[in-house]
Amino acid sequence: MTQIPAQTELPPQYDPASTEAALYKEWLDAGLFTADPAKSRRAGGDKDTFVIVMPPPNVTAVLHMGHGLNNTVQDVVTRWRRMCGDEALWVPGTDHAGIATQNVVEKQLAGEGKTRFDLGRDAFVARTTEFVTETGGTILEQLKAIGSSCDWTRTAYTLSPELSKAVREAFVQLHERGLIYRGHRVIHWCSRCLTSLSDEEAEHSDETGALYHVSYPLTDGTGSITIATTRPETMLADVAVAVHPDDERYKHLIGKTLTLPIANAEIPIIADAEGVDPTFGTGAVKITPAHDANDFEMGTRHKLPMPVILSPEGNMANGADAGSRVPAELLGIDRFEARERVVQMLKHLNALVKIDAHTHAVRHCYRCDTVVEPRLSDQWFVKMKPLAEPALQAVRDRKIRILPERWEAVYINWLEGIRDWNISRQLWWGHRIPVWYCDGCGEVTVSRDDIAKCPKCGGPARQDEDVLDTWFSSWLWPFSTLGWPDRNSIDLKAFYPTDDLVTAPEILFFWVARMIMGGFAFMGEAPFHTVYLHGTVRDMKHVKMSKSLGNGIDPLDVIALYGTDALRYTVIAGLGLGADVMLDPNDLEKSFSPGRNFLTKLWNIGRFLLTNVGGETVQPVETISPDKLRRADRWILNRLNEAIAECDAALGPARPRGGVWTESELYRGLRLSEYTETARRFVWNELADWYLESTKSRIAAGGDDSAVARAVLAHCFDGALRLLQPIVPFITETLWRRLPIATEGRGNFIAVAPWPTRNSNFTAEPEFDLAREAINSIRQLRADYSLPPGDRIHAHLDTSSSTNANGDTSVFADEGDFITRLTRCDIDSASGSAGEAGATILLSTGSRIIVPLAGVIDLDKECRKTKGELEKLETQLSALEGRLSNPGFTDRAPANVVAAERQKLTEWTARREQLTQKVVSLCGS
RNA sequence: GGGCGAGUAGCUCAGUUGGUUAGAGCGCCUGCCUUACACGCAGGAUGUCGGGGGUUCGAGUCCCUCCUCGCUCACCA
């Protein structure tokens with residue numbers, strides 16, 4: 001055998017920096033991540049597909065830990081399926097992110113002292129496009145740095161010509177089906193972004209405000225009504241006061257009128273049972289239809305006027321129907337400033353009764369956190385109820401599952417109460433609404449293609465000024481990225497529906513639920529069968545990591561310091577199902593050194609292997625004659641089997657058989673931390689700690705047995721590397737290509753090598769476990785008595801009470817070298833006596849190892865220790881005896897449980913006997 | 001306010017249909033530079049399983065109740 005000096009091959013330390021970028025390029029050059037639709041069963045091929053569409057990051061985004069986590073999860077799953085033989089496709093892309101991107105560019109302009117209105121619409125859009133073209137690819141390049149195995153030939157962008165076509169198609173189709181309409185109603189308005197928002201984009205947060213009680217005098221001078229409001233400035237737009245029709249306090253006043261202070265308008269007192277809760281505040285509600293959604297409904301019911309008293313920017317103004325309700329001194333004043341002024345004015349008028357502290361939910365813009373204002377306006381809406389039905393049914397029918405399970409209830413709850421979706425945004429950056437108006441004949445045209453003339457009268461057509469909600473393009477993502485609306489697209493045929501959707505719970509409603517609705521609406525089929533909602537990256541105080549809070553970690557810093565694999569390992573190992581990942585931004589070493597250390601361990605196993613096994617290809621374990629395999633070999637091969645089974649169970653099943661999840665598989669799989677821990681345990685605690693150690697003396701001895709040990713070691717390391725490839729692709733690729741194992745059918749890259757499978761020839765190996773047990777006990781003994789490491793000890797094996805005396809003897813004869821090497825303890829099979837002063841190790845087979853330690857150990861100490869042990873055992877034994885003499889237990893408990901308890905009783909009784917003898921010999925009484 | 005979830009070792013979490021003496025990783029303590037690895041090896045300590053009640057032969061596990069956190073929804077002006 002030619003020994004290649006491995007030291008020259010593997011440097012003492014793994015160096016990610018010099019490895020990763022080059023490897024990634026090799027993968028790309030080999031086309032490993034490019035999916036072939038022709039191979040899909042759905043397109044006539046012979047492979048299952050596995051498809052994930054990436055939640056598109058904002059085109060202006062820069063990689064943060066959240067992206068790192070999200071994309072690593074997707075990559076791990078995709079790489080796993082790719083090894084399992086699926087035609088795997090991970091579609092990458094970016095989102096034009098309407099409001100977010102427009103805000104970024106507007107901020108740039110502000111730096112130049114300009115606004116978007118100075119540029120005008122066309123120039124602004126051109127400028128934004130340019131900005132996106134120049135800097136938009138950043139995040140995608142960064143995703144490559146974390147090893148993402150995306151199919152970059154299919155990179156998509158929500159504002160690309162192809163996807164824009166899909167957006168128009170979707171809008172027109174929904175309109176044709178009567179599911180899109182123009183509505184005049186109160187919507188959420190962000191006075192900073194100058195656009196309307198959907199319900200989901202206006203986020204609640206509790207705030208301590210004030211409840212102002214204001215007295216409105218009756219016009220006939222016979223008294224007054226006190227109303228309560230949190231937004232006194234809106235009183236200027238009041239058109240009525242409503243009371244409950246059965247409220248005795250106000251019943252007699254219904255139909256009378258009040259004089260609105262400051263505005264000096266005369267408003268009626270009306271009765272409304274639906275909109276008024278007589279127990280809240282004073283039981284009398286001011287009605288402000290243009291600036292409150294609830295009041296809008298009451299206003300509509302009672303056909304009241306709807307004056308607007310706020311400008312789009314949120315300043316006081318006499319808008320539509322307002323006449324001169326807003327007095328001159330308040331015009332142009334900011335709404336919050338105006339609130340103070342109105343309160344002062346009411347005080348002067350003696351109309352302010354009192355101010356109570358009041359906590360209530362206030363809605364904020366999800367992009368800029370400005371308090372949103374309810375505002376009456378015209379917007380386009382999607383009718384959601386009909387779309388929600390199949391989306392609800394799919395989850396109820398288990399065609400789609402949501403992990404963790406608890407989110408399903410949240411999803412169902414939301415869909416059941418779904419309200420129409422406002423899709424108009426008064427922005428410039430986005431897909432312009434494909435609706436044209438004719439100012440001549442009033443015709444409204446919805447069209448797939450741009451039109452210049454009114455199709456009815458031929459007059460000039462004017463396109464709607466607004467753009468669509470960013471999420472209106474996002475909800476088409478699973479099929480628009482695959483070629484829809486072109487029904488003949490081979491990608492669409494081969495890869496839709498996709499498989500898993502991996503994202504954070506924050507966008508369950510914004511995106512996930514709508515994608516499911518969109519999938520049914522436009523494709524007639526659910527877009528995926530699994531929604532995996534992962535946790536959030538947080539700091540040690542459980543605060544979500546964010547750049548603005550300054551508690552972020554830059555993934556690229558981590559990569560520079562610890563390598564990509566350490567980053568990936570850390571987030572995946574920390575990711576329990578649905579659990580958050582905690583990292584310390586102030587102590588990267590604490591967060592990432594365990595990952596780095598594990599990689600070092602892998603590296604060193606590789607170094608040992610290459611040094612000791614050499615470069616010559618080893619014999620495949622399948623072809624080794626079974627009688628040549630020793631206990632340790634069979635043991636580790638079985639442990640590998642178990643590790644594979646546990647990894648499979650943690651990860652799968654990958655998809656529902658027959659399209660519907662069975663009860664037993666519904667919430668299984670995608671336990672990434674369990675998978676990682678299993679692989680780690682196998683590599684470190686089994687392969688390295690035990691098997692590799694056990695091979696040292698065999699390999700040194702040379703000969704046939706040495707070759708067997710080398711073969712098994714290489715085989716198991718190969719299996720371990722394959723199990724780990726999805727998590728740590730770079731280091732596994734680096735080590736794997738140097739393994740001296742047969743190349744046939746192996747491929748050139750571990751990234752596309754077959755996922756390991758179990759070999760049922762290798763079953764549990766209890767006799768090797770007995771050797772491990774002895775080693776552990778002797779080690780403990782050495783530590784207990786502080787025996788110097790250099791001191792060899794001699795012990796006897798007493799098999800007199802053993803259940804398999806010959807078996808035990810043979811284990812200790814065969815594994816003697818191994819045991820001695822790890823413990824510096826020689827064991828011969830001369831029978832000793834249990835009473836001998838020293839230590840007795842009881843093995844699980846009943847045999848004892850007697851270690852005479854006279855002159856070495858402290859007899860008093862050992863005596864006390866043994867007495868303590870005996871005492872503890874007595875307590876537990878009496879509890880056990882009590883249980884077994886209780887007919888309630890023996891009659892009702894399952895037979896196997898009772899049997900186990902009886903077995904235990906036997907063992908413990910024997911142990912008690914042994915300890916008693918030992919106490920006698922040690923303590924002398 | 002509605003709905004949901006969580007409270008197990010200093011920290012992060014496992015604990016399958018109730019059934020051995022409740023586990024893991026990290027951290028901590030002790031001893032070791034043992035020829036792959038000190039980014040390592042070996043050993044050790046630590047829990048009235050949030051409180052209280054109940055069902056049961058038996059409860060971390062099931063039921064009730066209280067407390068504390070978290071998520072999510074919501075037009076109480």
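Reminder, nothing fancy here: chain letters follow the sequence lines and each chain counts from 1.
Looking at the side chain of Asn604(A), the nearest of the listed nucleotides G19(B), A77(B), A36(B) is A36(B). For Lys696(A), the listed nucleotide lying nearest its side chain is A36(B); candidates were A74(B), A36(B), C76(B). If you check C57(B), G40(B), U72(B) against the side chain of Trp407(A), the one that comes closest is U72(B). Taking the side chain of Phe280(A) as heavy atoms from C-beta on, and the options U72(B), C37(B), A77(B), the nearest nucleotide is A77(B). Taking the side chain of Arg824(A) as heavy atoms from C-beta on, and the options A42(B), U34(B), A77(B), the nearest nucleotide is U34(B). Among the nucleotides C73(B), U12(B), U20(B), the one closest to the side chain of Glu901(A) is U20(B). When distances run from any side-chain atom of Gln780(A) to the nucleotides G43(B), C41(B), A77(B), the shortest one goes to G43(B). The side chain of Ile605(A) has A36(B) as its nearest neighbour among A36(B), C41(B), C75(B). Taking every side-chain heavy atom of Asn597(A) into account, G40(B) is the closest of G40(B), G43(B), A42(B). Among G25(B), G19(B), A36(B), the nucleotide with an atom closest to any side-chain atom of Phe889(A) is G19(B).
Taking the charged nitrogens against the carboxylate oxygens, Glu663(A) and Arg668(A) have no contact shorter than 4.0 Å, which rules out a salt bridge. Ion pairing between Glu233(A) and Arg335(A) fails under the 4.0 Å rule for side-chain N and carboxylate O. In summary, Asp539(A) and Lys541(A) do not engage in a salt bridge, as defined by a charged side-chain N under 4.0 Å from a carboxylate O.
Residue Tyr675(A) holds its OH atom at 4.0 Å from CD1 of Ile727(A), rounded to the nearest 0.5 Å.
Across all strands shown, Asn776(A) has heavy atoms under 4.0 Å from sugar-phosphate atoms exclusively, and none from any base. Asn886(A) comes within contact range of the sugar-phosphate backbone alone, with a heavy-atom separation under 4.0 Å but no base atom that close. Contacts of Ala573(A) with the nucleic acid, taken as non-hydrogen atoms under 4.0 Å apart, are absent. In this structure, Gly595(A) reaches neither bases nor backbone, as no heavy-atom distance under 4.0 Å exists between it and the strands shown. His291(A) comes within 4.0 angstrom of no nucleic acid atom, judged by non-hydrogen atoms across all strands. Using a 4.0 Å heavy-atom criterion, one finds that Leu508(A) contacts no nucleic acid atom at all. Val410(A) comes within 4.0 angstrom of the backbone, heavy atoms only, and of no base. Using a 4.0 Å heavy-atom criterion, one finds that Ala409(A) contacts no nucleic acid atom at all. At a threshold of 4.0 angstrom between heavy atoms, the contacts of Thr230(A) are confined to the sugar-phosphate backbone, with no base atom among them. When heavy atoms are screened at a 4.0 angstrom cut-off, Arg821(A) is found touching no nucleic acid atom at all. Counting any heavy atom pair closer than 4.0 Å across all strands shown, Phe509(A) reaches sugar-phosphate atoms only and no base atom. Asp891(A) comes within contact range of no nucleotide atom at all, as no heavy-atom separation falls under 4.0 Å. Heavy atoms of Ala361(A) sit under 4.0 angstrom from at least one base atom. Within the 4.0 angstrom heavy-atom criterion, no nucleotide atom of any strand lies near Ala293(A).
Annotation: U65(B) and U72(B) have their P atoms spaced 26 Å apart (nearest Å). Rounded to the nearest Å, the gap between the P atom of C63(B) and that of C4(B) is 13 Å. Nucleotides G18(B) and C11(B), compared at atom P, are 30 Å apart to the nearest Å. Comparing the C1' positions of G19(B) and C39(B) gives an interatomic distance of 43 Å, to the nearest angstrom. To the nearest whole angstrom, the two C1' atoms, one in G31(B) and one in G70(B), are 44 Å apart. Comparing the same atom, P, in A6(B) and in G15(B) gives a spacing of 11 Å after rounding to whole Å. When the C1' atom is used for both C41(B) and G58(B), the distance is 42 Å, rounded to whole Å. Using atom P as the reference point in both U16(B) and G50(B), the two lie 14 Å apart (nearest Å).
For C75(B), the OP1/OP2 oxygens have a side-chain nitrogen or oxygen of Arg419(A) closer than 4.0 Å. Contact check, Asn685(A) against A24(B): no side-chain N or O comes under 4.0 Å of OP1 or OP2. Proximity of Lys904(A) to the phosphate of U21(B): a side-chain N or O atom is located under 4.0 Å from OP1 or OP2. For U12(B), the OP1/OP2 oxygens have a side-chain nitrogen or oxygen of His542(A) closer than 4.0 Å. Contact annotation: Arg892(A) side-chain N/O to C57(B) OP1/OP2 distance is under 4.0 Å. For C41(B), the OP1/OP2 oxygens have a side-chain nitrogen or oxygen of Lys601(A) closer than 4.0 Å. Residue Arg883(A) places at least one side-chain N or O closer than 4.0 Å to OP1 or OP2 of U21(B). Put simply, Arg363(A) has a side-chain N or O that comes within less than 4.0 Å of OP1 or OP2 on C75(B). Considering only side-chain N and O atoms, His204(A) lies nowhere under 4.0 angstrom from the phosphate OP1 or OP2 of U72(B).
Side-chain contact check for Asn776(A) versus Gln780(A): every heavy-atom pair is 4.5 Å or farther apart.
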**Prompt:** Does the pair Val343(A) and Leu352(A) meet the rule for a side-chain contact (heavy atoms from CB on, under 4.5 Å), with working shown?
**Reply:** CA-CA 7 Å; Val343(A) 169; Leu352(A) 188 70; 3.9 Å; yes

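Residue side chain Trp908(A) does not reach the base of U20(B) through any donor-acceptor N/O pair under 3.5 Å, judged by distance alone. For C39(B), its base sits under 3.5 Å from the side chain of Gln13(A) at one donor and acceptor pair at least. Glu693(A) contributes a side-chain N or O that forms a donor-acceptor pair with the base of A36(B) under 3.5 Å.
Because its NZ or CZ atom is both nearer than 6.0 Å to the ring centre of Trp908(A) and within 45° of the ring axis, Lys904(A) counts as a cation-pi partner of that residue. Judged by the 6.0 Å and 45° rule, Arg821(A) forms no cation-pi pair with Trp690(A).
Atom CG in Asp539(A) sits roughly 12 Å away from atom P in U12(B) (whole-Å rounding). Rounded to a whole Å, the CD atom of Glu881(A) is 13 Å from the P atom of U21(B). Atom-to-atom, CG of Leu905(A) to C1' of U21(B) comes out at 14 Å; the value is rounded to the nearest Å. Going from atom CZ of Arg710(A) over to atom P of A36(B) covers 14 Å, rounded to whole Å. One can place CG of Leu877(A) at 17 Å from P of U20(B), the figure rounded to the nearest angstrom.
Although no hydrogens or angles enter the test, the distance criterion places a donor-acceptor pair under 3.5 Å between the side chain of Arg782(A) and the main chain of Asp791(A).
The aromatic ring centres of Tyr366(A) and Phe510(A) sit less than 6.0 Å apart.
Nearest-nucleotide positions on RNA chain B place Trp684(A) closer to the 5' end than the other of Trp684(A) and Val276(A).
C69(B) and G5(B) make up a base pair, with Watson-Crick or G-U wobble contacts both under 3.5 Å.
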